[in-house]
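Please read these numbers as outputs of a predicted model, since none were measured by experiment. Hydrogens, waters and symmetry mates are skipped; everything else that's a heavy atom, side chains included, is used.
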Amino acid sequence: MPDRVYRNLGMELVRVTEAAALSAARYMGTGNKEAGDGAAVDAMRAVLKNVEMDGVVVIGEGEKDEAPMLYNGERVGSGGGPPVDVAVDPVEGTRLLALGRPNSIAVIAAAPRGSFWRPGPSLYMDKIVVEKGAREAIDITCSATENLYRIAEVLRRPVSDLTVFVLDKPRHQGLINEIRQTGARISLQTDGDVMGALMAAIPGTGVDVLMGIGGTPEGVIAAAAVKAIGGGMQGRRAPQKDYEREALAALEGETVDRVLSLDDLVRSEDAFFAATGITDGPFLEGVHFDRQGGVTTHSIIIRALTGSIRFVKGVHQLNPEHIFGEIDTPGAVRTAVR
């Protein structure tokens with residue numbers, strides 16, 4: 001079992017997601033995915049260096065040669081403090097940000113060193129996520145229909161009352177048709193399955209289940225949040241490209257269809273998760289700029305060990321020349337709103 005972290009690291013990591021969201025929000029609706037993502041990466045990396053931890057990025061922007069910032073294996077943090085694994089997605093939903101659509105967020109997760117499952121060459125993962133009350137009912141090896149009826153039974157609700165978050169991708173057409181045949185409702189979204197998992201794991205968000213294939217790195221980040229909340233999640237590799245299948249076939253001791261539980265994906269009971277809204281959504285508000293130069297952010301912070309969930313409203317007074325990282329956001333006032 002990895003060592004425990006003796007403070008709520010999430011309270012410091014939220015500064016990282018706030019900085020990423022504040023920087024990326026300037027590119028909302030510009031159609032420029034790369035600029036928004038690049039601004040978020042720069043801000044996230046700058047603030048990370050002041051967080052008191054000995055961090056290693058295990059879920060990042062790719063390998064070092066492909067992603068010069070926040071690459072897999074990069075050391076982050078001050079170098080002191082607890083040794084931790086770090087998983088980042090500076091902008092989850094770059095297309096949502098570029099088009100000004102809801103649910104683009106900045107995300108980070110951390111856990112004691114050695115806690116996070118390393119996906120290796122696995123790029124895509126099949127996932128199912130539910131709230132705590134249904135976590136014992138799910139089985140990713142069963143059909144969507146059987147899972148929905150099991151979930152409905154333990155939640156004591158008709159299947160027609162369930163809402164399923166599914167990414168609107170061609171690969172999901174069969175899944176979408178099957179869900180519709182059960183009578184369940186569907187929330188079809190172009191991107192953002194970390195947010196979808198978060199909403200599925202927290203009761204009362206309007207989403208009851210996440211199903212379907214999304215990114216494997218996003219799956220590990222989502223697992224940190226779901227475990228912290230106490231929800232249920234299972235995953236398994238779902239390669240979509242020939243080169244991905246070939247790389248996975250070369251792995252020793254691994255099978256593509258192995259079912260990954262939450263404890264496989266996050267081996268520690270002390271995981272941390274923080275996310276800040278970039279564009280408005282039904283769960284997290286986006287970055288809002290007022291006429292007097294103030295900026296507000298809305299974030300969530302979760303710790304698995306204590307089960308604490310905090311929603312934080314940040315009010316920031318930013319100077320045009322401000323650069324994140326050297327000091328905290330000037331004039332920032334944070335109010336815990338829940």
Side-chain angles (χ1 to χ4, degrees), residues 92-93 102-103 122 124-216 218-240 255-266 273 281-284 302 309:
E92 198 225 1
N103 284 337
S122 181
Y124 290 91
M125 175 191 287
D126 192 12
K127 312 164 194 174
I128 181 169
V129 179
V130 292
E131 64 173 89
K132 181 177 182 179
R135 65 185 180 186
E136 302 300 328
I138 59 174
D139 184 345
I140 200 167
T141 65
C142 295
S143 67
T145 300
E146 185 169 348
N147 273 293
L148 289 173
Y149 275 99
R150 287 182 175 189
I151 293 164
E153 181 178 3
V154 298
L155 295 181
R156 298 182 179 180
R157 297 165 58 187
V159 172
S160 58
D161 278 0
L162 299 180
T163 299
V164 186
F165 182 105
V166 181
L167 291 177
D168 189 8
K169 307 292 184 183
R171 62 178 176 264
H172 286 150
Q173 194 54 58
L175 174 64
I176 291 167
N177 292 338
E178 182 178 354
I179 294 170
R180 285 173 173 163
Q181 288 174 6
T182 69
R185 296 171 294 184
I186 300 178
S187 175
L188 278 177
Q189 303 293 331
T190 58
D191 302 275
D193 59 342
V194 173
M195 175 60 82
L198 193 63
M199 294 176 71
I202 297 178
T205 63
V207 171
D208 303 293
V209 191
L210 175 139
M211 287 183 170
I213 297 169
T216 303
E218 289 83 354
V220 177
I221 296 173
V226 175
K227 188 165 190 176
I229 294 165
M233 178 177 179
Q234 292 180 2
R236 58 183 174 183
R237 294 178 177 91
Q240 302 295 299
T255 57
V256 172
D257 57 355
R258 173 192 169 199
V259 175
L260 298 162
S261 69
L262 268 178
D263 289 337
D264 293 320
L265 295 167
V266 183
F273 176 89
F283 185 67
L284 286 177
I302 312 169
I309 302 175

If you measure from [atom1] on [X] to [atom2] on [Y], what distance do you get to the nearest 0.5 Å?
X	Y	atom1	atom2	result
Ile186	Arg180	CD1	CZ	5.0 Å
Asn147	Thr182	CG	OG1	11.0 Å
Gln240	Ile213	CD	CD1	4.5 Å
Arg171	Ile176	CZ	CD1	10.5 Å
Glu146	Ile151	CD	CD1	10.5 Å

Go through it in stages, so that I can follow the logic: the residues are Val207 and Phe283, the test is side-chain contact (heavy atoms from CB on, under 4.5 Å), and I'd like the CA-CA distance, side-chain angles, deciding distance and then a yes or no. CA-CA 10 Å; Val207 171; Phe283 185 67; over 6 Å; no
Under 3.5 Å, is there a donor-acceptor pair between the Asn177 and Gln173 side chains?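 Note: Asn177 and Gln173 side chains meet the donor-acceptor criterion.
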For a 4.5 angstrom cut-off between non-hydrogen side-chain atoms, does [X] reach [Y]?
X	Y	answer
Phe273	Val226	no
Leu148	Ser143	no
Ser187	Met199	no

Where is the tightest heavy-atom contact between [X] and [Y], given as atom of each residue plus distance?
X	Y	answer
Glu92	Met195	OE1-N, 3.4 Å
Arg236	Asp257	CD-O, 4.3 Å
Ala144	Leu175	CB-CD1, 3.6 Å
Ala225	Leu198	CB-CD1, 3.8 Å
Met125	Leu265	CE-CD2, 4.0 Å
Phe165	Asp191	CZ-O, 4.2 Å

Is a side-chain donor or acceptor of [X] paired with a backbone partner of [Y] at a separation under 3.5 angstrom?
X	Y	answer
Asp208	Thr163	yes
Glu178	Thr145	yes
Arg185	Asp161	yes
Gln234	Ile138	yes

Listing request: all side chain to side chain donor-acceptor pair (under 3.5 Å) pairs with a residue in residues 126-141, at least two apart in sequence or in separate chains.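 Pairs touching residues 126-141 that pass the test: Lys127-Asp193, Asp139-Thr141.
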With Ser160, which residues qualify under side-chain contact (heavy atoms from CB on, under 4.5 Å), at least two apart? Pro158
